[in-house]
Amino acid sequence: MRRRVVVTGIGGVTPLGSDMEVVWKRLLAGESAVDHITRFDASSFPTKIAAEVKNWDVSEVGEDVKRWENQGLHTQFAIGAGKKAVEDSGILDSPFDPLRFGVYTGSGEGQQFFPRFARMMASGCEDGEEFSLVKYIEEGLKDFDAESEFEQEPNMPAAHLAAMFNAQGPNVNCLTACAASVQAVGEATEMIRNGECDIMISGGAHSMIHPMGVMGFNLLTALSTNNENPRGASRPFDAKRDGFVLGEGAVIVILEEYERAKKRGAKIYGEIAGYGSSADAFRITDTHPDGRGAISCIEMALKDADCALTDIRYINAHGTSTTVNDKVETLAIKKVFGDYAYKIPTSSTKSMIGHMIAAAGASEMTYCLYAMRDSMVPPTINQEEKDPLCDLDYVPNIAREVPDIKYAMTNSFGFGGQNVSIIVKKI
């Protein structure tokens with residue numbers, strides 16, 4: 001018999017705050033975290049807006065800021081979210097086998113200290129037009145900090161979380177773009193189902209709000225340039241959408257084998273009932289126009305959850321606010337659910353919190369858990385003009401009471417063609 005897996009702890013550091021209950025209330029209130037970028041001078045970029053984590057550092061969770069100053073923001077966010085999730089779960093208050101306690105994250109890379117990199121480039125160019133690799137390397141060896149460099153690796157959050165909580169079991173990080181953290185949750189669930197572990201720390205952390213990140217997405221024409229109206233810039237499924245808005249942060253969940261959690265009297269947010277993962281096998285930055293990858297991962301998750309189409313009472317959409325993604329996700333939902341698709345409240349919380357890239361999926365899965373608990377569905381804000389190709393019920397602008405949400409689903413689709421759907425179930 002397959003073991004059941006439940007969520008017993010949630011922690012986050014997000015653009016709308018670091019208390020997830022407060023974040024949830026702000027989402028229901030339709031608040032936006034999008035504003036002008038303050039982390040660096042973005043005045044020369046086509047996009048000058050993002051949803052930043054502001055007024056937060058690791059001291060909020062009792063850590064010494066000096067201790068973590070060489071670690072990237074991805075690790076700092078993960079440590080903050082991880083400590084909150086572990087405390088919320090109470091997992092350390094009961095005996096556990098460290099070898100059956102693991103970590104599976106979907107975290108992105110850290111970020112280079114841009115001025116240091118610029119000094120290296122300047123040194124390599126100082127003799128004239130021909131670039132000197134020798135001088136470039138000499139400057140790097142003199143100026144770079146070894147700890148800061150290896151701490152930018154995407155597996156570092158998982159490594160620090162393991163050391164912090166004595167999780168000696170499997171330690172894995174996947175970086176499948178925007179699907180990463182929810183794919184990590186799905187894979188960690190499979191480890192517990194299959195008996196490899198009893199407890200997993202999962203989720204993800206990321207920040208691409210830095211010059212290279214914003215420049216890259218601008219070159220792809222993926223970001224909104226609605227700089228005059230930051231709070232109105234992220235407008236999933238709206239006819240006037242012009243791209244997504246970068247967010248950042250971390251959301252970490254504690255996954256636990258159901259019987260173990262029940263025996264220790266843990267608070268249970270819900271069960272990970274279904275998981276589906278697929279690839280478009282098409283183009284790196286374009287979703288397949290027929291939605292084949294999205295369709296297959298949704299169908300896999302439904303089959304894994306062993307639930308009927310009509311059991312799904314809420315969908316937290318990937319809903320990026322790009323022309324192609326929103327159209328294709330809508331198409332995929334309609335192809336899977338048929339006429340019932342029009343009866344499912346489907347909202348995008350990215351309209352308020354931005355796109356947290358690798359950390360997005362885990363964040364959005366937790367909003368499904370809160371929606372089930374409170375029988376409330378967050379809105380998609382900035383819904384003003386209907387797109388005839390996006391004609392589902394996107395819960396426009398105002399949160400809605402939806403009674404008896406027993407099953408809810410979240411979708412995450414990443415550059416590279418990765419697709420993940422997870423279905424959570426109320427217990």
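Please read all numbers here as calculations on a predicted model, not as lab measurements. Positions are given from 1 along the sequence. All heavy atoms count here, side chains included; hydrogens, waters and symmetry mates do not.
- The aromatic ring centroids of Phe40 and Phe45 lie less than 6.0 Å from each other.
- Taking both residues in full, the closest heavy atoms of Lys240 and Arg235 are given as O-CD, 3.7 Å, listed atom of the first, atom of the second, then distance.
- The existence of a salt bridge linking Lys84 and Glu87 is excluded, since no basic side-chain nitrogen approaches an acidic carboxylate oxygen closer than 4.0 Å.
- The existence of a salt bridge linking Arg193 and Asp304 is confirmed by a sub-4.0 Å separation between a basic side-chain nitrogen and an acidic carboxylate oxygen.
- Closest approach of Ala205 to Ala78, counting heavy atoms only: CB-CB, 3.9 Å.
- Taking 4.0 Å as the cut-off between side-chain N and carboxylate O, Asp198 and Arg3 count as a salt-bridged pair.
- Closest approach of Pro379 to Leu28, counting heavy atoms only: CD-O, 4.2 Å.
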Would you mind writing out the side-chain donor-acceptor pairs for residues 368-377 within the sub-3.5 Å range, not counting sequence neighbours?
residue : atom : partner : partner atom : Å
Arg373  : NH1  : Glu21   : OE2          : 2.8
Arg373  : NH2  : Glu21   : OE1          : 2.9
Asp374  : OD2  : Trp24   : NE1          : 2.9

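- Shortest non-hydrogen contact noted between Cys297 and Ser278 is CB-OG, 3.5 Å.
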Criterion side chain to side chain donor-acceptor pair (under 3.5 Å) on Asn166 and Gln168, from CA distance to verdict = CA-CA 6 Å; Asn166 194 28; Gln168 298 179 33; 2.8 Å; yes

Show your working on side chain to side chain donor-acceptor pair (under 3.5 Å) between Thr330 and Tyr394 and close with a plain yes or no.
-> CA-CA 10 Å; Thr330 298; Tyr394 302 117; 2.7 Å; yes

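- Taking both residues in full, the closest heavy atoms of Leu16 and Ala33 are given as CD2-CB, 3.8 Å, listed atom of the first, atom of the second, then distance.
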Given the rule in the ring pair (Phe, Tyr, Trp, His ring centres under 6.0 Å) test, do His355 and His206 qualify, once you have shown the distances and angles that lead to the verdict?
-> CA-CA 10 Å; His355 192 340; His206 206 180; 9.5 Å; no

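- Looking at Ile333 and Tyr342, their side chains never come closer than 4.5 Å, going by heavy atoms from C-beta outward.
- Considering only heavy atoms from C-beta on, Gln183 comes within 4.5 Å of Glu187 through its side chain.
- Between Glu248 and Arg39 there is a salt bridge, with a side-chain nitrogen of the basic residue lying less than 4.0 Å from a carboxylate oxygen of the acidic one.
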